[in-house]
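Here the structure is laid out as structure tokens; the discussion comes afterwards.
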Amino acid sequence: MASAYVGCTVDFLLCKGTGRVLFLFANSAARPYNKSMDKNIAITFPDGRTIAARNEVTPLSLLSDFEQKDEAILAVRVNNEIQPLDFPVSINANIEPVYANSPAGAAIYRRSLCFVLGAAAHICFPGARLLVGHSLGHGYYYTLDTGAPFTQEQARTLKAQMEKLIAEDHPIASGYISYKDACDNFESLGLSETRKQLNYRCPGQVRVNTLADFTDLYFGPLVYRTGLLSVFDLMSYHEGFLLRFPMHTQTDKLRQFEDEPKLFEIYRRYKDWGKRLDVTSVASLNQLIHDRKVNDFINITETLQTRCIAGIADQILARGTARVVLIAGPSSSGKTTTSKKLAMQLEAVGYQPKVIALDNYYVGREQTPRDEHGNYDYECLEALNIQLLNENLIDLFAGKTIKTPSYDFHDGISYFSGETMALGEHDILVMEGIHGLNDKLTPLIPPEKKFKIYLSALTQLNLDDHNRISTSDNRLVRRIVRDAHFRGKSAADTIAMWNNVRKGERLHIFPFQNNADAMLNTALDYEISVLKVYAEPLLHCVTPLQREYAEASRLLQFLNYFSTIPETAVPAHSIIREFIGGSAFRY
């Protein structure tokens, strides 16, 4: 394999205020020395210290200059963009370490572990395709495309090879190779979907990660040595196996595995559907766009989702005793549109749906609990008037008329507007909100009167065989587009609050997903190609002076792999219209 790092120059650092000269080997492209090329650059650390460097340096050579912590430094922020430790810095830069116990560090650890798994599978099972699936129980589900289930013996063999590569502490290098070399490498390694992607994204040079003779596309920084990846497990699961990794809050051990059988079954059915259509990767989608066949695929994906919603309406009808449908899901999973589409399907089977918004039951700012930072916590269960909600439901089911509450978000007060509601014989309530699956929301309502639905945006597409599309990324792109379009927020604003949103999901939604009577996948495999048109200009407005630049840059790189689809191809009733506008529904 050809590499960009085929030579180096000896540079030096002059530490200001001490007069110390530190000699360093800085990776750079091989070139003849020319004194006129010399230049000084300033490297500034988080504590304000600045050092002067000649030409370029790598963060790896600066590790001893960072504040020492118990956690390993896995990468660095260079002017608010996360880069691997072998990245050549040749401009004035603010540099900040990325530690293993940070969310960004955890993502790097996971990505690196997946890369080592790919290298191990290449050694153990040459010629077999390793296929990544979705996340499950702090791990990723994988299959080996051999036509047979993955065995316990194969799992032991693969895990032993990973442990060997990690114990030998191999370097992991990042760099650029020519387009032709990249095509040749991926063909020789049997990475067919990765090679196929280069038909629709054709840079003159391709950034890759390399471990010994194994090469894969660069989708983000990796650790610089395999020895940093000692905490992991590999366990057989269904027809494949799980690669398990630690949480960023406990980097030295794995959390006990918690199965999610309902979610896994939904994903498996959806993945099988993608295989039957032969659209399992972004490259396959790009080929449909290139061949002008994507409209048929759009219609098929929309029809499948409608059929799934209709199936849930049939389940509710079959239950017979349900009087309220509770819909929950993480941010931007499409709860509002799903509620409206489900209401249509319920009408088709004989119900008269009515909606009560859970937001109307906020207790008011004065009674709202505060989080650990002293801010109002509107996402906790105690922010809702549980007693009033249950009293209203009991009265409605008894045939009584209730006064429906309202909530003024501007003034933070609960009030009654004079609106009333009653349920007829064929009426059914539809309520959506983050606590819908938590039985503490409706403790006075018998289980047989409730039907609970969990939504998740589980795209079955992968970027390629080894690199998955995160459910969170799919939802974040949706949210960035919607917040800009309907709420006047910048991409940086949305990114800044995303970690808090996800924290609320982990506390109030994900622990209860197995309580659902039905699960619905709201992802549409073509949607990111549509959202890209709106998201890219917003993300380009995030500057390197903003901390959110790292995430904006990562998302731009992610979106770069998708060809675009115009919004005119999106049906008026599509869930995507909730985020880009132009929906046939009123919100």
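Hydrogens, waters and symmetry mates play no part in the numbers below; they use all other heavy atoms, side chains included.
Shortest non-hydrogen contact noted between Ser333 and Leu455 is OG-CB, 4.0 Å. Smallest separation of non-hydrogen atoms from Ser574 and Tyr526: OG-OH, 3.6 Å. The heavy-atom pair separating Pro84 from Ser174 by the smallest distance is CG-OG, 3.5 Å. For the pair Val542 and Ala491, the tightest heavy-atom approach, listed with the atom from each and the gap, is CG2-CB, 4.0 Å. Closest approach of Ala104 to Ile82, counting heavy atoms only: CB-CD1, 3.7 Å. Between Pro221 and Ile108 the shortest heavy-atom distance is O-CG2, 3.7 Å.
Panel note: side chain Glu536, backbone Asn560; no donor-acceptor pair is recorded below 3.5 Å. Asn474 places no side-chain N or O within 3.5 Å of a backbone atom of Thr471 that could act as its donor or acceptor partner. Under a 3.5 Å cut-off, the side chain of Arg77 and the backbone N or O of Arg547 do form a donor-acceptor pair. When atom types are taken as modelled, the side chain of Asp517 and the backbone of Lys452 share a donor-acceptor pair closer than 3.5 angstrom. Between the side chain of Thr338 and the backbone N or O of Gly334, at least one donor-acceptor pair lies under 3.5 Å. One N or O on the side chain of Glu527 and one on the backbone of Leu524 form a donor-acceptor pair closer than 3.5 Å. Distance alone, capped at 3.5 Å, is enough to place a donor-acceptor pair between the Ser529 side chain and the Ser563 backbone. Checking side-chain atoms of Tyr141 against main-chain N and O of His238 turns up no donor-acceptor pair under 3.5 Å. Distance alone, capped at 3.5 Å, places no donor-acceptor pair between the Asp291 side chain and the Lys293 backbone. Of the possible polar contacts, none joining the Glu187 side chain to the Asp184 backbone as a donor-acceptor pair under 3.5 Å is found.
Taking a cutoff of 4.0 Å between a charged side-chain nitrogen and a carboxylate oxygen, Glu239 and Arg268 qualify as a salt bridge. Salt-bridge formation is not detected for the pair Asp233/Arg244: no Lys NZ or Arg NE/NH1/NH2 atom is positioned less than 4.0 Å from an Asp or Glu carboxylate oxygen.
For the residue pair Ser472/Trp498, the side-chain donor-acceptor check at 3.5 Å is satisfied. In summary, the side chains of Thr494 and Asp483 do present a donor paired with an acceptor at a separation below 3.5 Å, with no hydrogens or angles considered. Using modelled atom types and a 3.5 Å distance limit, the side chains of Asn286 and Gln197 yield a donor-acceptor pair. Side-chain atoms of Gln460 and Tyr270 form no donor-acceptor pair, as typed in the model, at a separation below 3.5 Å. Between the side chains of Thr336 and Ser339, no donor N or O sits under 3.5 Å from an acceptor N or O. In summary, the side chains of Gln287 and Lys196 do present a donor paired with an acceptor at a separation below 3.5 Å, with no hydrogens or angles considered. Looking at Thr337 and Tyr587, their side chains do bring a donor and an acceptor atom within 3.5 Å of each other. For Ser490 and Asp493, the side-chain atoms include at least one donor-acceptor pair closer than 3.5 Å.
With respect to Phe562, the side-chain contact (heavy atoms from CB on, under 4.5 Å) criterion is satisfied by exactly one of Ile528, Leu531, Ile289: Ile528. No option in Leu217, Leu130, Leu131 other than Leu130 meets the side-chain contact (heavy atoms from CB on, under 4.5 Å) test with His466. Glu578 pairs with exactly one of Lys335, Arg482, Lys340, Arg478 by the side-chain contact (heavy atoms from CB on, under 4.5 Å) rule, that one being Arg482. When each of Leu243, Leu463, Leu117, Asn462 is checked for a side-chain contact (heavy atoms from CB on, under 4.5 Å) with Val132, only Asn462 meets the rule.
Atom CD1 in Ile495 sits 12.0 Å away from atom CZ in Arg479 (nearest 0.5 Å). Within the model, atoms CG of Leu441 and CE of Met431 stand 6.5 Å from one another, a figure rounded to the nearest 0.5 Å. Rounding to the nearest 0.5 Å gives a distance of 7.5 Å between CD1 of Ile298 and CD1 of Ile576. His508 NE2 to Asn438 CG: the interatomic distance, rounded to the nearest 0.5 Å, is 9.5 Å.
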* To do: Please lay out, stage by stage, how Asp296 and Asn299 fare under the test side-chain hydrogen bond (donor to acceptor under 3.5 Å, both in side chains).
  => CA-CA 5 Å; Asp296 287 342; Asn299 291 332; 4.7 Å; no
* Report the C-alpha distance between Arg554 and Asp473 in whole Å, list the side-chain angles of each, state the deciding distance to 0.1 Å, and finish with yes or no for salt bridge (charged side-chain N to carboxylate O under 4.0 Å, His left out). => CA-CA 10 Å; Arg554 186 187 67 83; Asp473 283 351; 2.7 Å; yes
* Can Met519 and Ile453 be said to form a side chain to side chain contact (heavy atoms under 4.5 Å, CB included), step by step? -> CA-CA 6 Å; Met519 290 188 173; Ile453 304 172; over 6 Å; no
* **Worked check of side-chain hydrogen bond (donor to acceptor under 3.5 Å, both in side chains) between Thr459 and Asp525** => CA-CA 6 Å; Thr459 180; Asp525 284 343; 3.0 Å; yes
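Residue Asp272 qualifies as enclosed at atom CG: its count of foreign heavy atoms under 6.0 Å is above 12. Under a cut-off of 6.0 angstrom, the local environment of NE2 in His485 is crowded, with over 12 non-hydrogen atoms contributed by other residues, nucleotides or ligands.
Proximity of Tyr351 to Ile316: side-chain heavy atoms (C-beta onward) are separated by under 4.5 Å at one or more points. Considering only heavy atoms from C-beta on, Gln205 stays 4.5 Å or farther from Ser178 through its side chain. Using a 4.5 Å heavy-atom cutoff, the side chains of Pro330 and Ile434 are not in contact. Counting heavy atoms from C-beta outward, Leu242 and Leu234 have side chains that stay 4.5 Å or more apart. The side-chain heavy atoms of Phe186 and Ser188, taken from C-beta on, include no pair separated by under 4.5 Å. Put simply, the side chain of Tyr109 reaches to within 4.5 Å of the side chain of Leu229, judged on heavy atoms. Using a 4.5 Å cut-off on side-chain heavy atoms (C-beta onward), His573 and Pro571 make no contact. Between Thr306 and Lys341 the shortest side-chain heavy-atom distance falls below 4.5 Å.
The side-chain contact (heavy atoms from CB on, under 4.5 Å) search around Asp427 returns Gln352, Lys354, Leu423, not counting sequence neighbours. Take Phe219 and apply the ring pair (Phe, Tyr, Trp, His ring centres under 6.0 Å) test, not counting sequence neighbours, and it matches Tyr561.
Both tests hold for Arg207 against Tyr218: distance to the six-membered ring centre under 6.0 Å, angle to the ring axis within 45°.
Note: Phe245 and Tyr140 have perpendicular aromatic rings, judged against thresholds of 30 and 60 degrees for the angle between ring planes.
Remark: aromatic rings of Tyr237 and Phe264 are close, center separation under 6.0 Å. Ring to ring, His134 and Tyr267 are close: their centroids are under 6.0 angstrom apart. Aromatic ring centres of Phe115 and Phe214: separated by under 6.0 Å. Taking the six-membered ring for Trp and the full ring otherwise, Phe241 and Tyr142 have centroids separated by under 6.0 Å.
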